[in-house]
Protein chains: 2
Amino acid sequence: MPRCFGGVAGPSATMVHFGCGDDLGKGDFVRTIDWVDGRVRLIDQTRLPMEEVWLDLESVESLAEAISSLRVRGAPALGVAGALGVALAARLAREKGEDIGEAVSNAAELLASTRPTAVNLAWGINRVKKIHDPERPESVDELINEARSMVAEDEEINRLIGEVGVDMFEAGSRVMTHCNAGALACVAHGTALSVVEAAYKRGLVAEVTATETRPLLQGSRLTAWELGRMGVAHRVTIDSGAAGLIASGEIDVVVTGADRVAANGDVANKVGTYPLALAAKAKGVPFIVAAPLSTIDFDTPDGSAIPIELRAESEILEMNGIRLAPEGTRAYNPAFDITPAEYVSAIATEAGVVRPDELRSLLP
Amino acid sequence: MPRCFGGVAGPSATMVHFGCGDDLGKGDFVRTIDWVDGRVRLIDQTRLPMEEVWLDLESVESLAEAISSLRVRGAPALGVAGALGVALAARLAREKGEDIGEAVSNAAELLASTRPTAVNLAWGINRVKKIHDPERPESVDELINEARSMVAEDEEINRLIGEVGVDMFEAGSRVMTHCNAGALACVAHGTALSVVEAAYKRGLVAEVTATETRPLLQGSRLTAWELGRMGVAHRVTIDSGAAGLIASGEIDVVVTGADRVAANGDVANKVGTYPLALAAKAKGVPFIVAAPLSTIDFDTPDGSAIPIELRAESEILEMNGIRLAPEGTRAYNPAFDITPAEYVSAIATEAGVVRPDELRSLLP
């Protein structure tokens, strides 16, 4: 946790804290999202890498806004955010003497609507929502405790993904990753970056190339920030440069996260993942997906059943308030794409590494 | 030509003209680069789409700067720019009574060094440079006339590319293009956009999707501007969104330009072309390269022999002076990638449409 805070009141019942990021030594542990004093604390990722701003969210609405605006993002973090949001609704309703069941239900609906493609968000929401039992007042504490336990659980899951995934790395690996599947996408460690972290600690990583990940630049802003803190040699490239770089023989392994994995092994992940997988396959470079079991959706038969979230056109047409395209030009801004299972070499989960066609072996 | 100018003196012996772009009706003809009153006039593409600024360049150094800074870009336009630059050097040396051979030689060297991958630039330079003969003073006029004739020739070549390429389009085509291979990349019409223009005039185009083309956003800024002027329904998407869009079945044909085509049909073009070709092949969508014969380099056996220009890291790490990545993060910024011939369905040239393995049939 950041060691010092200054606070100012923000909008939407949000207390904004300015953390002293520079006081944190390299490798210091930071939980990206946590339950602190009955509120949801998270680092505002839209302000990175220039500022470390921590938000203490005191309402479900402000958490929903934070999810919509990608202040918190990444499949595992969204699962925890959804759970903590429902816990927050339950706590607030109990304190105000309002109908807890209705509050839980409304919160679940509002939160789930913010990012419809992210299966972890719905998974986290449903996991705690179902604990509430109007017949047993103590179920509210159980619900909150369940949400809190998910924070520690996520941290351990992601540590394990790194431990099992590292076996696929050889000495001197030149790694490529896309978007941010790091600690910032989770409670800690990350998924793809947990594998990189574990490999780096064993001296197996020569360099990491992070794609910048337009339009919101999670690679340039977040992954580069995490890699710098880890002390890993790294560089960023434009998304469109990744395929040529793989073709040139300068990449030994590609590792990404996943927003949802269908039962057949098709992977929905940040838009731009699919062209990396195409290029990796064409060059014979391993393409590894690192994802917790909660990302695997056995109810979704294949990628064609996964809805693709379309985001605001302004994310592409403007930057920092400056218009990039002519007035009148429209934009198509999908958040995800689908990588068919045939392009995925392996999926690393906390239960082990499997080929996409072996996913069912992970079921208990 | 723009119908009105206002002028202010710029740096490097450059006269800066502000064109009244709004006075130009849709479809009005504009030569992107031309020889006017003994100087090189070009539209400053770094100022589009917000401003139409025309530059009258009075020195080879200012033209070299314009090429390096991408104020003028695109393979065919660079060929003309190289030729006009050598003509400018010859004219200036004659007026000043300096050694014309030395001036021509120095200009050729300076101009060729600005964009080493672009074969057209060297082609344009060499075509006029070799005309100079110290024994025949009139060869200076011949050199200048040759450069000027290339302006009209380029215009006609690109019109023809559109005429022959359009036969590959069917009614209702949903087209994707990358970067800017339009009138702005040439003297007029463009290469890929000449095909789109011809198809649009025949009512065959339903919509064009232009990739934004990071880092300099030639798609968002230039292609969208040209499509808007043409009146074509269009949208932009992030570069990384193109592959998923092709996979989803929403694109019927991909058409791009080329910076250099090797003898075996491998294509060097703006970075990000290769992943589009990968996605097109995976989906069975035609991938068409539109390029003048001058782009075909029979002295280059295949794509591995084409040098890839690396551009400034700041183009990726900063935008409008704002740092996007953490301090200390490096960037890899290639200008081109190589699309192997096996991914190219057809190459449209002014001499006809061929498969990549039929290039030699185009030789006279």
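None of these values were measured; they are calculated from a predicted model. Within every chain, numbering begins at 1; the chains are lettered A, B, ... in the order of the sequence lines, protein sequences first and strands thereafter.
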Can you tell if the side chain of [X] reaches within under 4.5 Å of the side chain of [Y], non-hydrogen atoms only?
{"X": "A:Asp239", "Y": "B:Arg214", "value": "no"}
{"X": "A:Tyr332", "Y": "B:Thr209", "value": "no"}
{"X": "B:Val236", "Y": "A:Thr329", "value": "yes"}

For chain B, which of [options] has the most heavy-atom pairs under 4.5 Å?
{"options": "A:Ile238, A:Asp337, A:Leu222", "result": "A:Ile238"}
{"options": "A:Thr273, A:Thr237, A:Ile246", "result": "A:Thr237"}
{"options": "A:Pro334, A:Ala224, A:Ala242, A:Ala279", "result": "A:Ala224"}
{"options": "A:Ala282, A:Pro340, A:Ala243", "result": "A:Ala243"}

Legend entry - A:Arg330 CZ: over 12 foreign heavy atoms closer than 6.0 Å: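 No.
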Residue part contacting chain A, namely of [X], when any heavy atom lies under 4.5 Å:
{"X": "B:Leu324", "value": "both"}
{"X": "B:Leu48", "value": "neither"}
{"X": "B:Glu250", "value": "side chain"}

What part of [X] gets closer than 4.5 Å to chain B, counting heavy atoms only: side chain, backbone, both or neither?
{"X": "A:Leu245", "result": "side chain"}
{"X": "A:Glu207", "result": "neither"}
{"X": "A:Pro326", "result": "both"}
{"X": "A:Leu278", "result": "both"}

Legend entry - Pairwise distance OG(A:Ser240) to NZ(B:Lys270) - rounded to 0.5 angstrom: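 Reported value, rounded in 0.5 Å steps: 8.5 Å.
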Inset, instruction - Between chain A and each of B:Ala247, B:Ser220, B:Gly244, count heavy-atom pairs under 4.5 Å; write down the option with the most. - result: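 Going by pairs under 4.5 Å, I would pick B:Ser220.
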Inset, instruction - Specify which of B:Thr339, B:Asn333, B:Asn320 makes the most heavy-atom pairs with chain A at under 4.5 Å. - result: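 Most heavy-atom pairs under 4.5 Å with chain A: B:Asn320.
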